[in-house]
Amino acid sequence: IEPYEPVLKDLVFDVVDKAVKFIGWRREGKDLVRVNRTTGPWKQTEYKENNGQKLRINYPKNLRYAGLGYIDNGLHYNIVNNNIEPAEAARRLRLIGQLLNGGKPGGDNKFWDDGAENHVLYCIEMLHIVNEPGVQVDGADIGRLTTQKTFWSGKNNILKEKIAELKTKIAEPTDPGLIPELEERLKKYTGIKSYFEEEWVAMEGKTKAIMTQVIKQLFNAFLLDGKLQNAFGSNATYSFMSTITRGDLYIFGGCEYETLAKMVGTALKMDFQSCVLSRPANKHINQTRYLLFENDECQEFAVAGVGSAVGDERAMSLAGESHLINLLAT
């Protein structure tokens, strides 16, 4: 839009007696009053107040173009699904990687299919252990763990501390009955540490470089763009389960970056499919509402979920019992 901004800034818009909608404001008589949000099924308005008084300004007579801004609509999504097993989360990221690779199952030596998926799995497992409580694993941190030695070293030191704590608890148990569980956890933590220290760090240069490049293809955008990381690399603020329970409608409009649109759109689709396919087994949720999945240019998001709990062929075969209607356009 930059080439047109000088022209836009010369324009003046007369809004007297016009029904203009302002984001974050509501019309009251001759004023605009500030609102925080609308809530609930009837969209009750929550007004922003100062000492019990609504914040008001005079309704404007004219408007000018000031510039382009960024508005956070509150819908956040994490491309790394933290609500499923790490192995399944890594497999879904692998499927997205295949899609970005033109639908091919990895390179000539199957770096993504085997090595890169395995590496992402270890990254997810490690971050689950070392992250602070409530901090989800996200794509940006997987990228940092793969490409930044300082970041990996810091997380690895935390893992070493966790291992030392477990060894102390096993050597000096307060409850002997917990020893088998603690030993199993120690075995897992030690295995993750060994992978990074003995396999990943020591991996042959060319092999590691190719695997790193494949992983960077997935996560680099989140490392470079803070707004993108906030919108698609933070704790999810919604669940597609609300589509089943309340009939909520979600629209993903894509973006101007084709690769990014493929990546995020495919991740959203797989999460939706997973949620819908789980419905028949969860008898406590709505079992009668029909659902519609509508996908334009569906060939750009096609996923063969071989070995995964999701994928188009699985969703199609189970669509009937899940009351799912697929409307796919090419």
Side-chain angles (χ1 to χ4, degrees), residues 78-82 84-98 100-101 104-133 135-173 178-220 222-223 233 306-308:
N78 192 345
I79 197 169
V80 182
N81 193 325
N82 284 250
I84 58 178
E85 288 296 314
E88 176 63 19
R91 176 57 57 91
R92 293 188 188 185
L93 291 168
R94 165 186 178 162
L95 294 174
I96 296 171
Q98 289 178 359
L100 299 181
N101 196 34
K104 302 173 187 176
D108 293 338
N109 296 311
K110 298 178 72 176
F111 286 112
W112 173 253
D113 292 57
D114 303 318
E117 179 188 348
N118 185 59
H119 175 73
V120 169
L121 171 57
Y122 273 103
C123 287
I124 294 173
E125 291 279 20
M126 183 182 198
L127 290 168
H128 272 312
I129 295 167
V130 302
N131 278 354
E132 293 290 330
V135 176
Q136 291 190 354
V137 178
D138 60 36
D141 277 353
I142 293 175
R144 293 186 186 101
L145 208 55
T146 303
T147 61
Q148 299 177 10
K149 290 183 179 179
T150 303
F151 185 84
W152 167 76
S153 180
K155 297 298 183 184
N156 198 48
N157 287 336
I158 297 174
L159 182 60
K160 289 177 182 178
E161 292 172 3
K162 300 276 187 183
I163 291 173
E165 290 173 7
L166 282 174
K167 288 180 177 178
T168 301
K169 289 180 179 178
I170 292 171
E172 304 169 4
L178 292 176
I179 289 180
E181 180 187 337
L182 294 174
E183 288 178 337
E184 190 65 30
R185 199 183 306 172
L186 177 62
K187 182 179 177 182
K188 177 180 179 179
Y189 288 13
T190 304
I192 294 169
K193 176 176 170 290
S194 296
Y195 166 77
F196 281 100
E197 291 183 347
E198 299 170 21
E199 293 186 48
W200 178 249
V201 173
M203 189 175 291
E204 188 268 328
K206 184 178 179 182
T207 303
K208 187 175 182 179
I210 295 175
M211 280 181 56
T212 299
Q213 191 57 40
V214 173
I215 294 166
K216 283 173 67 176
Q217 181 187 22
L218 269 174
F219 302 124
N220 239 17
F222 299 98
L223 286 168
V306 179
S308 175

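- The two residues Val80 and Asp138 have their closest heavy-atom pair at CG2-C, 3.8 Å.
- Heavy-atom neighbours of Glu197 CD from other residues, nucleotides or ligands within 6.0 Å: above the threshold of 12.
- In this structure, Gln148 contributes its side chain and Phe151 its backbone to no donor-acceptor pair below 3.5 Å.
- Using a 4.5 Å cut-off on side-chain heavy atoms (C-beta onward), Tyr189 and Lys193 make no contact.
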*Are Lys155 and Leu159 close enough, and set up right, to give a side-chain contact (heavy atoms from CB on, under 4.5 Å), and what steps lead you there?*
CA-CA 6 Å; Lys155 297 298 183 184; Leu159 182 60; over 6 Å; no
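- Electrostatic pairing of Arg92 and Glu88 counts as a salt bridge here, judged by a charged N lying under 4.0 Å from a carboxylate O.
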Without placing hydrogens or testing angles, list every side-chain donor-acceptor pair under 3.5 Å for residues 122-131, not counting sequence neighbours.
residue	atom	partner	partner atom	Å
Glu125	OE1	Lys188	NZ	3.1
Asn131	ND2	Leu127	O	3.3

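- Here the side chain of Thr147 pairs a donor or acceptor atom with the backbone of Gly143 at under 3.5 angstrom.
- A distance of 4.5 Å separates CE of Met211 from CE of Met203, quoted to the nearest 0.5 Å.
- Between the side chain of Asn81 and the main chain of Ala89, no donor-acceptor pair closer than 3.5 Å is present.
- In this structure a side-chain-to-backbone donor-acceptor pair under 3.5 Å is missing from Glu85 to Ala87.
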*Output, in order, the C-alpha distance, side-chain angles, deciding distance and verdict of side-chain contact (heavy atoms from CB on, under 4.5 Å) for Thr146 and Lys216.*
CA-CA 8 Å; Thr146 303; Lys216 283 173 67 176; 5.8 Å; no
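- Using a 30° and 60° split on the angle between ring planes, Phe196 and Trp152 fall in the tilted class, from 30° to 60°.
- Rounding to the nearest 0.5 Å places CD1 of Ile142 at 6.0 Å from CG of Leu93.
- A donor and an acceptor atom, one from each side chain of Glu165 and Thr168, are nowhere located under 3.5 Å apart.
- Taking 4.0 Å as the cut-off between side-chain N and carboxylate O, Glu183 and Lys187 do not count as a salt-bridged pair.
- Side chain of Asn118 to main chain of Asp114: no donor-acceptor pair is present (N/O by atom type, distance under 3.5 Å, no hydrogens or angles).
- In this structure, CD1 in Ile179 is found 13.0 Å from NZ in Lys169, a value given to the nearest 0.5 Å.
- More than 12 heavy atoms of other residues, nucleotides or ligands shown are found within 6.0 angstrom of NZ on Lys208.
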*asked:* Before you tell me yes or no, could you show the steps for Val135 and Glu132 under side-chain contact (heavy atoms from CB on, under 4.5 Å), namely the whole-Å CA-CA distance, both residues' side-chain angles and the distance that decides it to 0.1 Å?
replied: CA-CA 6 Å; Val135 176; Glu132 293 290 330; 3.9 Å; yes
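- Once rounded to the nearest 0.5 Å, the distance linking CZ of Arg91 with CG of Leu121 reads 10.0 Å.
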*Taking it one step at a time, do His119 and Tyr195 satisfy side-chain contact (heavy atoms from CB on, under 4.5 Å)?*
CA-CA 9 Å; His119 175 73; Tyr195 166 77; 2.9 Å; yes
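- Here the CG-CD1 distance, from Leu186 to Ile170, works out to 4.5 Å after rounding to the nearest 0.5 Å.
- The structure places CG of Leu145 at 9.5 Å from CH2 of Trp200, a figure rounded to the nearest 0.5 Å.
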